[in-house]
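A, B, ... follow the sequence lines: proteins, then strands. Residue 1 opens every chain. Everything numeric here is computed off the predicted structure, so don't read it as measured data.
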Number of protein chains: 2
Amino acid sequence: MVGFKNEVAKTKSQRTTWQRELIQDILRRSEGHLDADEIYQKARQKSPSISLSTVYRNLRVFKRMGLVEQHQFGSRYFYETTRVTHHHLVCLSCGRVFEFKCPSTEHLKSRIKKEEGFKVTEADVRLAGYCPDCQQRLSVNTS
Amino acid sequence: MVGFKNEVAKTKSQRTTWQRELIQDILRRSEGHLDADEIYQKARQKSPSISLSTVYRNLRVFKRMGLVEQHQFGSRYFYETTRVTHHHLVCLSCGRVFEFKCPSTEHLKSRIKKEEGFKVTEADVRLAGYCPDCQQRLSVNTS
DNA sequence: ATTGCTGCAAAGCCTTTGCAGGCGG
DNA sequence: CCGCCTGCAAAGGCTTTGCAGCAAT
């Protein structure tokens, strides 16, 4: 059916390379929600010799290690350092990604566990719509 | 930033072709959550001359018309006919997609509207974890 | 010295698009 | 008849991979 891979295994010890430190640094500094190419561009500014594949490879490693989260909006992946649980709000007009907290998600998890016997390990709540700025700009009915 | 397209505009009247009827029929019959290629394969069984591009093109048309919903799991899109709001529960082991209701989503929408001034038009709640069968099969701790 | 990591280029995967002909209304 | 729709093939966008050399431990 779906081609889901179980990438749960915690990975073994990793080597320290400047590429990895640079990518981690970019992720930590950023406000979050960078895609692979944005990370690559920022990395190139510091070290032009880094390659896009290295960025992808390390993002995957970091994900497996639980250091970064990978989310998809539209058709690409975005990465951010793992932090307190929060969810995403995407503006369909300008594409900006906002965050919000959703404490009831925990209740949801346990409800699903109880009702369906399903053990939930990831919860992703994605809302989309129009941010205040775009509503005004587009004269969308705000009511 | 993100390359989001605003595909909100309701589309004008459409022609009736056997390809469209076939695709609609497949979507209606199915339990939901088919990807483009699965639809294509099913369609070919009935009419081998249909093309994959036609499938994609029409899924997009149906989506714009509000007849189907498009969701992404992993890195591809899945389609299902629009029904009462429900959300998805993906098993990370077997890849099966389950559904559940989440009435509190409506509250969430209005909360976001009130707190952030963000007008929410789409809400997608995706949980992932391990279904009962796989928990047993993998001897995952169920507590 | 190992052997994991990197850069490069090429391949892969899914989706979209250009084009000429065909069919629905 | 007009022009939307289709099939085909090719292109696109993003991500992954094979390979040989390099560097971290």
Side-chain angles (χ1 to χ4, degrees), chain A residues 1-5 7 9-24 26 33-65 67-79 95, chain B residues 1-7 9-24 26 33-44 46-65 67-79 95:
Chain A
M1 205 164 174
V2 188
F4 257 98
K5 300 236 194 53
E7 301 237 40
K10 295 297 174 192
T11 342
K12 34 201 161 183
S13 67
Q14 303 294 334
R15 289 187 178 171
T16 304
T17 64
W18 60 264
Q19 290 93 333
R20 287 185 177 174
E21 295 187 328
L22 177 52
I23 295 170
Q24 283 281 20
I26 290 169
H33 317 113
L34 296 174
D35 68 19
D37 195 64
E38 287 169 330
I39 295 166
Y40 175 53
Q41 297 307 337
K42 282 178 191 283
R44 285 182 93 181
Q45 288 173 17
K46 289 229 172 180
S47 308
S49 72
I50 199 172
S51 80
L52 182 56
S53 2
T54 295
V55 171
Y56 274 112
R57 272 190 286 237
N58 286 322
L59 287 172
R60 184 191 269 199
V61 169
F62 297 156
K63 181 186 165 197
R64 281 200 278 239
M65 294 171 71
L67 299 176
V68 310
E69 289 178 7
Q70 184 190 47
H71 297 281
Q72 24 174 222
F73 303 113
S75 55
R76 55 175 147 238
Y77 292 114
F78 289 79
Y79 302 86
Chain B
M1 204 157 178
V2 189
F4 257 98
K5 301 235 194 55
N6 184 346
E7 302 239 39
K10 295 297 175 193
T11 342
K12 36 202 161 183
S13 68
Q14 303 293 335
R15 290 192 176 164
T16 305
T17 65
W18 60 264
Q19 289 93 334
R20 286 184 176 175
E21 294 185 329
L22 177 53
I23 294 170
Q24 283 281 19
I26 289 169
H33 318 114
L34 296 174
D35 69 19
D37 195 64
E38 287 169 330
I39 295 167
Y40 174 52
Q41 297 305 338
K42 282 177 190 282
R44 286 182 92 180
K46 289 228 169 177
S47 308
S49 72
I50 199 171
S51 80
L52 182 56
S53 0
T54 296
V55 172
Y56 274 111
R57 272 191 285 238
N58 286 322
L59 288 172
R60 184 192 270 200
V61 169
F62 296 156
K63 181 188 165 196
R64 282 201 278 242
M65 293 170 70
L67 299 175
V68 311
E69 289 178 8
Q70 185 189 45
H71 298 281
Q72 18 173 226
F73 303 114
S75 56
R76 50 169 152 257
Y77 292 113
F78 288 79
Y79 301 86

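Residues B/Lys42 and B/Leu34 have side chains in contact (heavy-atom distance under 4.5 Å, counting atoms from C-beta outward).
The phosphate of D/dC5 has neither OP1 nor OP2 within less than 4.0 Å of any side-chain N or O from B/Arg57. In this model, the phosphate group of D/dG7 is approached by a side-chain N or O of B/Gln19 to a distance below 4.0 Å at OP1 or OP2. Contact annotation: B/Arg76 side-chain N/O to D/dC14 OP1/OP2 distance is not under 4.0 Å.
Between A/Glu38 atom CD and A/Tyr79 atom OH the span is 12.0 Å, to the nearest 0.5 Å. Going from atom CZ of B/Phe78 over to atom CD of B/Gln72 covers 10.5 Å, rounded to the nearest 0.5 Å. A distance of 8.5 Å separates CG of B/Leu52 from CD of B/Gln41, quoted to the nearest 0.5 Å.
Every residue was checked against the side chain to side chain donor-acceptor pair (under 3.5 Å) condition with A/Arg57, not counting sequence neighbours, and none meets it.
Here D/dA23 presents its P atom at 16 Å from CD of A/Glu21, a figure rounded to the nearest Å. A straight line from CZ of A/Arg44 to C1' of C/dG7 spans 12 Å, rounded to a whole angstrom. Spacing between atom CZ of B/Arg60 and atom C1' of C/dT16 amounts to 7 Å, rounded to whole angstrom units. Here C/dC5 presents its C1' atom at 14 Å from CE of A/Met65, a figure rounded to the nearest Å. Atom pair A/Leu22:CG and C/dT6:P shows a separation of 11 Å (rounding to whole Å applied). We find that CD of A/Gln70 is positioned 15 Å from P of D/dC14, with the value rounded to whole Å. The interatomic distance linking B/Leu52 (CG) with C/dC14 (P) rounds to 10 Å, in whole Å. Between the CG atom of A/Leu59 and the P atom of C/dC5 there is a distance of 15 Å, given to the nearest Å.
Remark: of the listed residues A/Ile23, A/Val55, A/Ile26, A/Val55 is the sole one forming a side-chain contact (heavy atoms from CB on, under 4.5 Å) with A/Tyr40. Considering B/Arg20, B/Gln19, B/Lys63 as possible partners of B/Asn58, the one that fulfils the side-chain hydrogen bond (donor to acceptor under 3.5 Å, both in side chains) test is B/Arg20.
Judged by distance alone, with hydrogens and angles left aside, A/Thr54 brings no side-chain donor or acceptor close enough to the base of C/dC5 to form a pair under 3.5 Å.
When each of B/Ala36 and A/Ser51 is assigned the nucleotide of DNA chain C with its nearest heavy atom, A/Ser51 is the one assigned upstream, toward the 5' end. When each of A/Ile50 and B/Ser53 is assigned the nucleotide of DNA chain C bearing its nearest heavy atom, the one mapping closer to the 5' terminus is A/Ile50.
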Might you list the N or O atoms of the protein lying below 3.5 Å from N or O atoms in nucleotides 20-25 of chain C, with each pair's distance?
unit_1: C/dG24; atom_1: N2; unit_2: B/Arg15; atom_2: NH2; d: 2.7
unit_1: C/dG25; atom_1: OP1; unit_2: B/Thr16; atom_2: N; d: 3.2
unit_1: C/dG25; atom_1: OP1; unit_2: B/Thr16; atom_2: OG1; d: 3.4

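Within 4.0 Å (heavy atoms only), A/Asn58 reaches sugar-phosphate atoms of the nucleic acid but no base atom.
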